[in-house]
Amino acid sequence: MAILQIREAIREAIREEMVRDERVFLMGEEVGHYEGAYKCSQGLLDQFGPKRIIDTPITETGFAGVGIGAAMCGLRPIIEFMTFNFSAVAFDQIINNAAKIHHMTGGQFSCPIVFRGPNAAAHMLGSTHSQAFDAFYAHIPGLKVVAVATPYDAKGLLKAAIRDPNPVIFFEAELMYSVRGEVPDEEYVLEIGKADIKRAGSDVTLLTWGQAVPTSLRAAELAAEPSDGKRPLSVEVIDMLTLRPLDYAAVLASVRKTNRAVVAYHGWPHGGVGAELSDHIQRHAFDWLDAPVLRVCYEDIPMSYAENLEHLTIPQPEQILAALRQVAYV
Amino acid sequence: MAILQIREAIREAIREEMVRDERVFLMGEEVGHYEGAYKCSQGLLDQFGPKRIIDTPITETGFAGVGIGAAMCGLRPIIEFMTFNFSAVAFDQIINNAAKIHHMTGGQFSCPIVFRGPNAAAHMLGSTHSQAFDAFYAHIPGLKVVAVATPYDAKGLLKAAIRDPNPVIFFEAELMYSVRGEVPDEEYVLEIGKADIKRAGSDVTLLTWGQAVPTSLRAAELAAEPSDGKRPLSVEVIDMLTLRPLDYAAVLASVRKTNRAVVAYHGWPHGGVGAELSDHIQRHAFDWLDAPVLRVCYEDIPMSYAENLEHLTIPQPEQILAALRQVAYV
Amino acid sequence: METPEQDAVTVPETLKVAGKDETLHAYREMLRIRRFEETAARAYTRGKISGFLHLYIGQEAIAVGTRMAIESGDRIVTTYRDHGFALAQGCEPNACMAEMFGKKPGLVGGVGGSMHFFDRARGMWGGYAIIGNHVPVAAGHAFASKYTGDGRVTLCVLGDGAVGIGPTHEGMTLAGLWDLPIVFIVENNRYSMGTPLERTLPVEDITLRAPGYGMACDRFTVSDPFQVRDRIGAAVKRAREENQPTLIEVLTYRFRGHSMSDPAKYRGKGELEAHRARDPMEMTGRALRDIHGMTEADLDALDEAIIAEMDGAEQFADEAPQPDPEHRFRNIIIETTEENA
Amino acid sequence: METPEQDAVTVPETLKVAGKDETLHAYREMLRIRRFEETAARAYTRGKISGFLHLYIGQEAIAVGTRMAIESGDRIVTTYRDHGFALAQGCEPNACMAEMFGKKPGLVGGVGGSMHFFDRARGMWGGYAIIGNHVPVAAGHAFASKYTGDGRVTLCVLGDGAVGIGPTHEGMTLAGLWDLPIVFIVENNRYSMGTPLERTLPVEDITLRAPGYGMACDRFTVSDPFQVRDRIGAAVKRAREENQPTLIEVLTYRFRGHSMSDPAKYRGKGELEAHRARDPMEMTGRALRDIHGMTEADLDALDEAIIAEMDGAEQFADEAPQPDPEHRFRNIIIETTEENA
Ligand SMILES: Cc1ncc(C[n+]2csc(CCOP(=O)(O)OP(=O)(O)O)c2C)c(N)n1
Ligand SMILES: Cc1ncc(C[n+]2csc(CCOP(=O)(O)OP(=O)(O)O)c2C)c(N)n1
Ligand SMILES: [Mg+2]
Ligand SMILES: [Mg+2]
């Protein structure tokens, strides 16, 4: 097992798939000569050349559309958004072309493409550069949506996304690119659509993804070994990993065991994946629930630049702990 | 009381506000000489001239941005999207400029603007022209989001939206422009943020908005006078009217009375306003609920053109009735 | 609105030099498009076709001339006003009509309707209904041709109303920057919906944009399908042989409203008549009579055969079954398998 | 990368003819921007400033020259690289520095940071960080001026990297179509992030796009603030007096990386030095010495005073309180009242 950073795991996934399949190429701003704004594509231009590692002008709609058009011809584009905040200017290409081409053409064309890049807040970038796009893309039929938080998941799921015959939105996180973790030396591919139990537990189910995964694991530790004398809680932390389609089976299996659930994530509260999960749980595990499902996410406000305000807006372990205890009546 | 069509109610709201306030203008594709794709602006060019009734080229990002820039200067733009499907190409202007200007400038600038037009499915327009944008815009802090289904609400809430100092997304419905209803002769303005009980009831709460309102009222009738001998149900139909901010107080008051809730609307199921409502109900009325909250909405698929497929994809009274009976265990 | 001078109403040179067979072929193709659409228009008024129906009548020479300028395998990417290119590319009228009727044997199974004609085998790559959003996609097809060296040329058709929107600009910017084998054909029919050019374009000449994209350009008023073939042919050659994109503005005119719901009250007086007087299809018919010695009777016989073909298409569509209910769940997400991965 | 010829390194004409007072004023303003940013850069490396920090060093003459070309009340709308225009417009260094420190007395209360400087009273209308999305907004300001007849001119500043994106195209299209009183200033500093022009623009000359927008244009390499004042002044006059927009490409160069995190390894050999050798600010300083008889000592004294001002700003920012926690809920939704309705 090698220890890799998430950025390295992503790079290896791209490299291996590009070696394996001539049809795969990487396109985006600064992915080539600059080697990626977050260095995810370091060395790839040298290895594969400018034909397959393509620097673009600042034209998200343009190069998203080019990727879609190339995918319709049978290529396997990986489109990097420097951050998903910039996908807002390409929204139409994703909702109206990528997500619909296969359906709209009666199955004559397909759109095997990956849109990837960092999502949600980083550190002190202000309101336009700190947004989570989960709610927008997970809402759209025709897409698959993935969010990763470990090098192992990043590599295995990105390889799956690149091989997937459908359009896949692949969320990374700017502040997590340096996170290290074990990655097998031999090749592996993970299955899109499967959640992963990151920590087993029996008292409360904690559903999470993306940047909130480490925060949730920290909260689970705090719950297990309280420093404040409160009753310890055994928390089952489930990393959803795929936001569309959601692994409802894994969710319900855990909740029917713990009878309690909290959803913790980076994103605004009104609707979105968090609401979808709690709605699904109350509908399909109604008789198992001993407490309402709670959510811990961003406050319902644009992100402020100031460090103290940003910190207060983003879910912290303490808030997740409080929610865990509330559903467990501790 | 005059009997107006919704398109006439909208026209009167615009006309009255333009007469009242020099700063108000209408801008969009075909709003002037063509008098609106759905004739909402009939006669307005003649009355107010090309300075205030402005035909634009097909540049949704351009004229949405122009509206935002004009609003920052103190004008009160009404921006018409021929349909909200076309707002996808202006998504960035709405999420990153309209919704954030006031916050991002520390309150130095505000953005009093209305984006209005038909939303969700019409009849056999295919997947790119039949989408509900509720979930996208209601998710975004900094916006207000309104959806109307009667001439009375359309006029009163559009006038409120035009006077509102914040950016307001105003959803109409293509198939409902000809719907007639009573509108007071004297001036009135309704309050954004208030739901309206369209039919009082005691057995089940039915939350709805937009095109699903008439469908829901029909379902409530069917539930009240069953033709199949099943037990009659007294359904309280609440038209949410504002999707952001939601009138949670009205929702909880009703649910705590009926102990049952169904949400019926035009839109995809994954997340969105429907999930937000059921999540909120289970969280704040957990001990009052006798059954899980159910949702009746679009199937989780792109809309097909074929009449039979479209009909099956859109919520019908029968499906809402079934949901009402399911939560009432009838 | 520019209305053509009367002396334009003589058979154009390009038609005079064309041979009889190709002239007859071109005339038949244009007439097929027109009769197909007239049939569709009637079906629409009878409620057999729904949604939006945008007719191509008056612009047929562009699709037919373009078809004569390209090779099979080349790609046509156009807008919702797509019947003309579909038929010119050889799509079956039965399948096209059935599509508009929302029936199972429709071109895309009845899920798309009039605005979304796709027929991959015949080089008909759509059929897009969000203004300008097919332009980057078409650039992507051309990118793929350069990437794979398949030698194909992509023809991206858009309206005069589409040149101001961002996606068009970005698609052309990338095509110019990356030297993609693509031809952009702006069908300037003087209106975007009810709005004449003067209210949508800062300058009348759309090809003034070409230098900013580092692209060659051409601009002409359609006289007949052979003129279109030759002018577009030059750009297709440039694309195929030099990987150079071209922006072509084709001045044309639609004889019907924007869509079936548009009475087109906005036209100038005598405008429609003036354009009808130089209808490229009529010109081609005249060449068959005046130059190639065909009789009215010959042309009537041809017309009747085509009308019969289109009536047949309507009957086929009318009698065809609707898609099965389960069909609405198909073609949304593809199951991953060993093969497609 | 084009690197300037050596003979450029003589005091430019426009500087020679400028008077001493205005030359001193311009020099001081440019130096204030540079020292402000050097102070900010140090604070960033010490972790006092966070997020993205894009320095304007090398481009100061554009902001200072533009300020001299406009009236108070005119509107500056620019990108995230906004310190130069903010200071040139007269924004307080204390408030600007505090903003970057994320402090309560910041220009926008600490919620925006370096990329979002807004100061309405001083004509600083932002401060936008999504490439190109301020262009339609700026066109909207100009639209409002025409609508209300307030006689104001809007100056929309964008980078060379922003000309390919759709919102820029749409904003310029509407400005050209509607004859809006606006001046588009493209600060062509040869790079968008790490990418040189050749890889982002189909053609080098950005003003080739102007004819397509029906706009006048101008293009020049910055030599000094007075040249900028005169060239932009002509466009401002055209906007104010004739409601005519202009597209101006200003060739400039940034001496620092794209942002603090960019080592700028991509520069050509000798490129930076060649540009430094004709630094418009240094040129202006030279004019003060060679033409207006100021001594090194005079300039050092001026520099020390400015450095002290900026150190003061840093200290002010450092000691300022953070925003109160509740502040994050403010300025999101305005309560409706009789007045604002
Ligand atoms: C982004 C977007 N905005 C608006 C529309 C509605 N719309 C459909 S066709 C059309 C007019 C297009 O005119 P033009 O490009 O000249 O093509 P033509 O119809 O003349 O062939 C409009 C406004 C749309 N489909 N997409
Ligand atoms: C839509 C969008 N895409 C990408 C970015 C990330 N980004 C910020 S600045 C920049 C480079 C801009 O270069 P240029 O326009 O030349 O301005 P300069 O930085 O040189 O002043 C990029 C790619 C963004 N902010 N917005
Ligand atoms: Mg047109
Ligand atoms: Mg630049």
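Values below: all heavy atoms of this structure, side chains included; hydrogens, waters and symmetry mates excluded. By convention in this document, chain letters (A, B, ...) are assigned in the order of the sequence lines, proteins followed by strands, and residues within each chain are numbered from 1.
Expressed to the nearest 0.5 Å, how far CD of A:Glu60 lies from CD1 of D:Ile165 amounts to 5.0 Å. Rounded to the nearest 0.5 Å, atoms CZ (D:Phe329) and CG (A:Leu312) are 8.0 Å apart. Atom CD of D:Gln322 and atom NE2 of A:His311 lie 10.5 Å apart (nearest 0.5 Å). Between A:Ile58 atom CD1 and D:Asp160 atom CG the span is 8.0 Å, to the nearest 0.5 Å. Atom-to-atom distance recorded for D:His327:NE2 and A:Ile301:CD1 is 10.5 Å, nearest 0.5 angstrom. Going from atom CZ of D:Arg328 over to atom CE of A:Met303 covers 10.5 Å, rounded to the nearest 0.5 Å.
Using a distance-only test at 3.5 Å, with no hydrogens or angles considered, a donor-acceptor pair links the side chain of A:Tyr305 to the main chain of D:Ser50. Using modelled atom types, one side-chain atom of A:Asn308 and one backbone atom of D:Pro323 make a donor-acceptor pair closer than 3.5 Å.
The nearest pair of heavy atoms linking D:Met193 to A:Ala37 is CE-CB, 4.2 Å. When all heavy atoms of A:Leu309 and D:Pro325 are compared, the pair lying nearest together is CD2-O, 3.7 Å.
Against chain A, the residues from residues 95-105 of chain D that qualify, each with a non-hydrogen atom under 4.5 angstrom away, are D:Glu99, D:Met100, D:Phe101, D:Gly102 in number order.
Between D:Thr195 and A:His33 there is no side-chain heavy-atom pair separated by less than 4.5 Å.
With respect to chain A, the highest number of heavy-atom pairs below 4.5 Å among D:Met115, D:Glu326, D:Lys265 belongs to D:Met115. Ranking D:Val108, D:Ile333, D:Asp262 against chain A, the residue ahead of the rest is D:Asp262, based on heavy-atom pairs under 4.5 Å. Counting heavy-atom pairs closer than 4.5 Å to chain A, the top-ranked of the candidates D:Leu201, D:Val111, D:Asn331 is D:Val111.
By the 30° and 60° cut-offs, the orientation of the rings of A:Tyr34 relative to D:Tyr266 is tilted.
Residue A:Glu29 does not touch chain D at all, counting heavy-atom pairs closer than 4.5 Å. Contact annotation for D:Leu53: neither backbone nor side-chain heavy atoms come within less than 4.5 Å of a heavy atom of chain A. Looking at A:Thr128, the atoms closer than 4.5 Å to chain D (heavy atoms on both sides) sit in the backbone and in the side chain alike. With a 4.5 Å cut-off on non-hydrogen atoms, A:His129 touches chain D through its side chain but not through its backbone.
Within a 6.0 Å sphere centred on NZ of A:Lys39, heavy atoms belonging to other residues, nucleotides or ligands number more than 12. A 6.0 Å sphere centred on CD of D:Gln315 holds no more than 12 heavy atoms belonging to other residues, nucleotides or ligands.
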